[in-house]
*Asks:* 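One structure is given below, represented as structure tokens, and several questions about it will come after.
Just so you know, these numbers use all the heavy atoms, side chains as well, and skip hydrogens, waters and symmetry mates. Note that the coordinates shown come from a computational prediction; the quantities given were computed from them, not determined experimentally.
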Amino acid sequence: MKINQAPLPTLTQVRQEDDDGPEQRPLDLRLIGRLWKFTRPYAAKRNWLFFLTSIRGLLLNALPWVLASVINGPIQRKDMPGVLRGALLFGLLAVVLQSLFVYRMRLAQQLGESVVHDLRNAIFQHLQRMPMGYFGRTRLGRIISRITSDAEQVRVGVQDVLYMSMVQGVQMLGAAGLMLYFDWRLFLVLLALAPILWAINREFRRRLSKAYRTIQESFSRVTSTLAESVTGIRVTQGFVREDVNAEMFGGLVAAHGEYNMMAVRTTGFFQPLLEFNSQVFFGALLALAGYLILYGHSGAATQQEHAKALVQFFFQAGLFFGPVQGLGQLYNQALMSMAGAERVFQVLDSQPDWVDDPAATDIPPVEGRVEFREVTFAYTSDRPVLDEVSFRVTPGQTVALVGHTGSGKTTVVNLISKFYLPTAGQVLIDGRDIAKVTTASLHRQMGIVLQTNFLFSGTVMDNIRVGKIEASEQEIVEAARRLDVLDLLESLPDGFHTQVGEGGRAMSLGQRQVICFCRAMLANPRILILDEATSSVDTMTEARIQKALTVLLKGRTSFVVAHRLSTIRQADQILVLDHGQIMERGRHKELLATGGIYAHLYRRFIRASRKP
């Protein structure tokens with residue numbers, strides 16, 4: 001079955017495309033080197049692992065050597081005490097071997113967990129520093145997949161592939177050395193098969209690399225679509241798309257299953273072929289050893305030595321070819337680990353659209369003077385959103401941003417908040433270019449209330465405290481009292497200790513907005529941004545909040561984005577935007593008198609509000 005790759009899936013159209021970059025070699029020394037750096041804080045544990053692994057690999061060769069020696073010696077001589085001594089030595093070696101195995105497994109799992117712990121922390125911290133543009137173009141499911149399944153594949157590589165392959169590698173090398181010592185001519189038979197094994201590995205290395213990379217990409221598409229489906233479940237059910245979405249998701253799952261089956265079929269052919277080569281070797285070994293024993297030399301002593309060598313050879317050959325199948329499986333896991341590591345490091349290597357200037361300094365307590373100087377901005381180079389916008393705001397003023405959807409209102413407040421930097425021009429606060437001040441120091445003096453504010457899992461009090469982590473319960477209650485919403489919060493099932501649910505789903509839209517207003521009040525910002533902040537609040541609650549906002553806005557510079565024009569009548573300055581430019585500016589009555597864009601918008605709002 002051939003499955004074509006196309007763009008990423010959505011719940012409106014199933015698309016499958018690999019947008020994660022070009023394919024890389026399955027075992028990339030650069031990626032291995034970067035993973036190795038994550039083991040440096042645990043160097044003692046890592047080095048002990050190497051030591052125990054090496055000893056275990058050598059002891060695995062010693063066990064069959066003891067067995068063969070007992071067969072060729074005490075048993076052949078009918079020396080029962082010698083047999084018992086050999087059995088005792090074998091038992092002691094077995095105990096030591098299994099003890100080493102226990103400690104190796106424990107240390108390997110601890111090392112794997114430590115590396116993945118640090119790796120996930122590094123990803124999370126890196127994501128926290130990424131600007132808004134990154135999250136606008138990166139799907140949530142893809143991010144989740146990197147920090148979960150891809151990081152888990154790295155764990156397998158660190159704690160299983162590395163040390164298990166080392167044990168089996170030492171075992172094979174030890175067996176090869178002993179076989180060479182016992183009879184170099186028989187060892188040549190094994191060397192004759194080496195090019196065949198190399199060619200088989202090379203071919204399947206290429207096939208498995210592609211197969212497992214495709215599996216990882218497919219799983220990322222499945223998780224991305226699942227995350228989108230759960231997030232948009234209300235829209236799905238509201239438009240009766242359950243069956244359609246289920247069919248689309250089923251197609252992605254079926255494709256993922258087919259990718260897995262492709263890898264299984266490739267593996268199913270690869271491993272038996274390797275095993276068949278080992279069986280060919282045993283057949284050739286029997287034929288050559290039999291010839292050497294029967295016809296190679298004269299004399300019973302020489303034939304006896306060849307027979308003893310053959311016994312040792314059979315035991316060591318089993319150790320040599322035994323790991324072949326295991327190494328094949330480990331190689332599959334290594335390919336998946338490399339694919340996971342590649343994806344993880346793609347996130348860690350992703351460069352932000354901008355970073356604070358190295359010479360940036362903390363901004364001192366701001367007065368609230370804001371200025372745009374010929375600011376131009378575009379989210380993508382071919383679609384400018386703002387075009388040479390200029391305006392000034394004095395401290396304490398309330399500025400309303402008005403315009404049709406897509407006119408640039410939210411972009412203006414995003415630039416003031418330094419979520420983005422201007423493509424051209426300057427944004428200044430108290431005369432300082434925000435590009436030259438640290439983002440953290442600016443954000444500490446700003447408060448933002450959005451139309452769809454996000455609430456974290458926890459209590460109402462926990463979410464209000466986001467505005468000021470060290471705030472006491474009394475301060476939180478006082479913030480709600482100043483906003484005149486204390487009774488609304490106390491009327492919740494458990495008052496301020498009510499659980500809001502994941503994303504605030506246990507709260508109504510109005511309750512979420514009230515919590516976010518309290519959060520902003522608690523933060524006591526110098527610059528306040530309200531982006532459609534009252535659009536989800538019922539009329540009665542809005543009237544109460546409007547009164548409270550008079551207190552909240554007093555003495556602060558504030559920017560209000562609203563479609564409900566009744567919320568901005570008292571603004572000190574109204575900026576009317578259209579297609580990224582300021583078309584009108586002034587106070588409410590002044591703009592109504594001019595009969596322009598604002599007057600037209602206001603008349604439409606009045607007519608809409610009068611409709612039954």
*Asks:* For the residue pair Y379 and T411, confirm or rule out a side-chain donor-acceptor distance under 3.5 Å.
*Replies:*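 There is such a pair between these side chains.
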*Asks:* Hey, what do you get for CD1 (I597) to OG (S407), rounding to the nearest 0.5 Å?
*Replies:*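 The distance works out to 9.5 Å.
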*Asks:* Of all heavy-atom pairs between A360 and V437, which one has the smallest distance, and what is that distance?
*Replies:*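 Of all heavy-atom pairs spanning A360 and V437, the closest is CB-C, 3.8 Å.
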*Asks:* Could you check E470 against R465 for side chain to side chain contact (heavy atoms under 4.5 Å, CB included), going step by step and ending with a plain yes or no?
*Replies:* CA-CA 8 Å; E470 69 279 7; R465 192 176 272 121; over 6 Å; no
*Asks:* Can you tell me if T423 uses its side chain to pair, donor with acceptor, with the backbone of A378 under 3.5 Å?
*Replies:*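 Looks like yes, one N/O pair under 3.5 Å.
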*Asks:* Using a cut-off of 6.0 Å, state whether more than 12 heavy atoms not belonging to Q474 lie near its atom CD.
*Replies:*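 No, CD of Q474 has 12 or fewer neighbouring heavy atoms, counting only those of other groups under 6.0 Å.
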*Asks:* Less than 4.5 Å apart, side chain to side chain, heavy atoms only: is that true for I434 and L442?
*Replies:*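 Yes, close enough: below the 4.5 Å cut-off.
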*Asks:* Begin from the C-alpha positions of M446 and V366 and carry the test side chain to side chain contact (heavy atoms under 4.5 Å, CB included) through to its verdict.
*Replies:* CA-CA 10 Å; M446 301 185 72; V366 301; over 6 Å; no
*Asks:* Please answer whether the main-chain N or O of V347 pairs with a side-chain N or O of R146 as donor and acceptor at a distance below 3.5 Å.
*Replies:*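 No, the answer is negative, given that no donor and acceptor are paired below the 3.5 Å cut-off.
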*Asks:* Quick check: closest heavy atoms across F496 and T459, and the distance to 0.1 Å?
*Replies:*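 In this case the closest contact between F496 and T459 is O-CB, 3.7 Å.
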*Asks:* Begin from the C-alpha positions of R526 and E367 and carry the test salt bridge (charged side-chain N to carboxylate O under 4.0 Å, His left out) through to its verdict.
*Replies:* CA-CA 7 Å; R526 297 300 306 158; E367 298 177 8; over 6 Å; no
*Asks:* Distance check, rounded to the nearest 0.5 Å: L111 atom CG versus E113 atom CD?
*Replies:*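 L111 CG to E113 CD: 10.5 Å, rounded to 0.5 Å.
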*Asks:* Are E371 and R369 close enough for a salt bridge, meaning some N to O gap below 4.0 Å?
*Replies:*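 A salt bridge is absent here (no side-chain N lies under 4.0 Å from a carboxylate O).
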*Asks:* Is the count of non-hydrogen atoms from other residues, nucleotides or ligands lying under 6.0 Å from F219 atom CZ greater than 12?
*Replies:*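 No, because the 6.0 Å sphere around CZ of F219 holds 12 heavy atoms or fewer from other groups.
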*Asks:* Taking atom types as modelled, is there a side-chain donor on T398 or S558 under 3.5 Å from an acceptor on the other?
*Replies:*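 Present: a donor and an acceptor within the cut-off.
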*Asks:* Quick one: closest heavy-atom pair of K409 and L401, and the distance?
*Replies:*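 Closest approach of K409 to L401, heavy atoms only: CD-O, 3.4 Å.
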*Asks:* Do S390 side-chain atoms and E374 backbone N/O form a donor-acceptor pair below 3.5 Å?
*Replies:*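 Here the side-chain-to-backbone pair exists.
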*Asks:* Between E590 and R587, is the closest basic N to carboxylate O distance under 4.0 Å?
*Replies:*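 Salt bridge between R587 and E590, a charged N being under 4.0 Å from a carboxylate O: no.
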*Asks:* Are the side chains of L575 and M583 in contact, using a 4.5 Å heavy-atom criterion?
*Replies:*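 The answer is no; the side chains never approach within 4.5 Å.
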*Asks:* Would you kindly say whether R46 and T39 are connected by a side-chain donor-acceptor distance under 3.5 Å?
*Replies:*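 There is such a pair (donor and acceptor under 3.5 Å, judged by atom type) between the side chains of R46 and T39.
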*Asks:* Determine the minimum heavy-atom distance between P525 and A520, stating which atoms define it.
*Replies:*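 Shortest heavy-atom contact: CD-O, 3.2 Å.
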*Asks:* Output yes when a side-chain donor or acceptor of S229 lies under 3.5 Å from a complementary backbone atom of T225, and no otherwise.
*Replies:*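 Answer holds: no.
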*Asks:* Mind checking the CZ-NZ spacing from R569 to K589? Nearest 0.5 Å is all I need.
*Replies:*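 Between atom CZ of R569 and atom NZ of K589 there are 11.0 Å.
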*Asks:* How far apart are the C-alpha atoms of H443 and F419, what are their side-chain angles, what is the distance that settles it, and do they pass the ring pair (Phe, Tyr, Trp, His ring centres under 6.0 Å) test?
*Replies:* CA-CA 10 Å; H443 286 174; F419 289 148; 5.5 Å; yes
*Asks:* Does the cation-pi check pass for R585 over F391, that is, NZ or CZ under 6.0 Å from the six-membered ring centre and within 45° of its axis?
*Replies:*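 No, a cation-pi geometry is absent between R585 and F391.
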*Asks:* Is there a donor-acceptor pair closer than 3.5 Å between any side-chain N or O of E475 and the backbone N or O of S472?
*Replies:*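 Checked: pair present.
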*Asks:* Under a 4.5 Å cut-off applied to non-hydrogen side-chain atoms, are S145 and T223 in contact?
*Replies:*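 The answer is yes; the side chains approach within 4.5 Å.
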*Asks:* For the CD1 atom of I448 and the CD1 atom of I416, what is their distance to the nearest 0.5 Å?
*Replies:*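 The CD1 atom of I448 sits 10.0 Å away from the CD1 atom of I416.
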*Asks:* Let me confirm one number: the CD1-NZ distance from I363 to K418, rounded to the nearest 0.5 Å.
*Replies:*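 Answer rounded to 0.5 Å: 9.5 Å.
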*Asks:* Could you check whether any side-chain heavy atom of I123 comes within less than 4.5 Å of a side-chain heavy atom of I143, counting everything from C-beta outward?
*Replies:*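 SC-SC contact between I123 and I143 ruled out.
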*Asks:* Shortest non-hydrogen contact from Q573 to Q397?
*Replies:*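 So the minimum-distance heavy-atom pair works out to NE2-OE1, 3.5 Å.
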*Asks:* Short question: side chain of S417, backbone of N414 - any donor-acceptor pair under 3.5 Å?
*Replies:*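 No, S417 side chain to N414 backbone: no donor-acceptor pair under 3.5 Å.
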*Asks:* Donor-acceptor pair, distance only, cut-off 3.5 Å: does the side chain of D430 make one with the backbone of G368?
*Replies:*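 Checking the backbone N and O of G368 against the side chain of D430, a donor-acceptor pair under 3.5 Å is found.
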*Asks:* Donor-acceptor check, side chain of S218 to backbone of T214, threshold 3.5 angstrom: yes or no?
*Replies:*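 The answer is no, because no donor-acceptor pair under 3.5 Å joins these two groups.
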*Asks:* Donor-acceptor check, side chain of E584 to backbone of Y598, threshold 3.5 angstrom: yes or no?
*Replies:*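 Checked: pair present.
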*Asks:* Determine, stepwise, if the pair R120 / R155 fulfils side chain to side chain contact (heavy atoms under 4.5 Å, CB included).
*Replies:* CA-CA 11 Å; R120 283 175 171 156; R155 180 207 301 276; 3.8 Å; yes
*Asks:* Under 6.0 Å from the CZ atom of F135, do we count more than 12 heavy atoms belonging to anything else shown?
*Replies:*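 Yes, the 6.0 Å shell around CZ holds more than 12 heavy atoms from other groups.
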*Asks:* Does a donor on one side chain sit under 3.5 Å from an acceptor on the other, for R129 and Y134?
*Replies:*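 Short answer, no.
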*Asks:* Please find the pair of heavy atoms, one from P364 and one from Q445, that lie closest to each other, and give the distance.
*Replies:*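 Looks like O-NE2, 3.2 Å.
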*Asks:* With distance as the sole test, does S337 use its side chain to make a donor-acceptor pair with the main-chain N or O of G157 at under 3.5 Å?
*Replies:*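 Checking the backbone N and O of G157 against the side chain of S337, a donor-acceptor pair under 3.5 Å is found.
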*Asks:* Check whether any side-chain heavy atom of F372 sits under 4.5 Å from a side-chain heavy atom of R392, and report yes or no.
*Replies:*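 Contact flag for F372/R392 side chains = no.
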*Asks:* Given L530 and F517, is the side chain to side chain contact (heavy atoms under 4.5 Å, CB included) satisfied, shown in steps?
*Replies:* CA-CA 9 Å; L530 308 177; F517 272 103; 4.1 Å; yes
*Asks:* Give me the one residue out of L455, N463, V500 that meets side chain to side chain contact (heavy atoms under 4.5 Å, CB included) with R512.
*Replies:*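 So, applying the side chain to side chain contact (heavy atoms under 4.5 Å, CB included) to R512 and each of L455, N463, V500, only L455 qualifies.
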*Asks:* For the residue pair V427 and V375, establish whether any side-chain heavy-atom pair is separated by less than 4.5 Å.
*Replies:*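 They are in side-chain contact.
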*Asks:* List the steps, then state whether salt bridge (charged side-chain N to carboxylate O under 4.0 Å, His left out) holds for K37 with D118.
*Replies:* CA-CA 11 Å; K37 292 179 181 178; D118 291 350; over 6 Å; no
*Asks:* Do you see a donor-acceptor pair shorter than 3.5 Å between the side chains of D362 and T438?
*Replies:*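 Yes.
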*Asks:* Just wondering, do L483 and C518 contact through their side chains at under 4.5 Å, heavy atoms?
*Replies:*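 Of all side-chain heavy-atom pairs linking L483 with C518, at least one is under 4.5 Å.
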*Asks:* Is there side-chain contact between L415 and L386, with at least one heavy-atom pair below 4.5 Å?
*Replies:*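 A side-chain contact exists here, since the closest heavy-atom pair is under 4.5 Å.
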*Asks:* Which distance, rounded to the nearest 0.5 Å, do you find between the CG of D150 and the OG1 of T148?
*Replies:*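 Here the rounded value is 7.0 Å.
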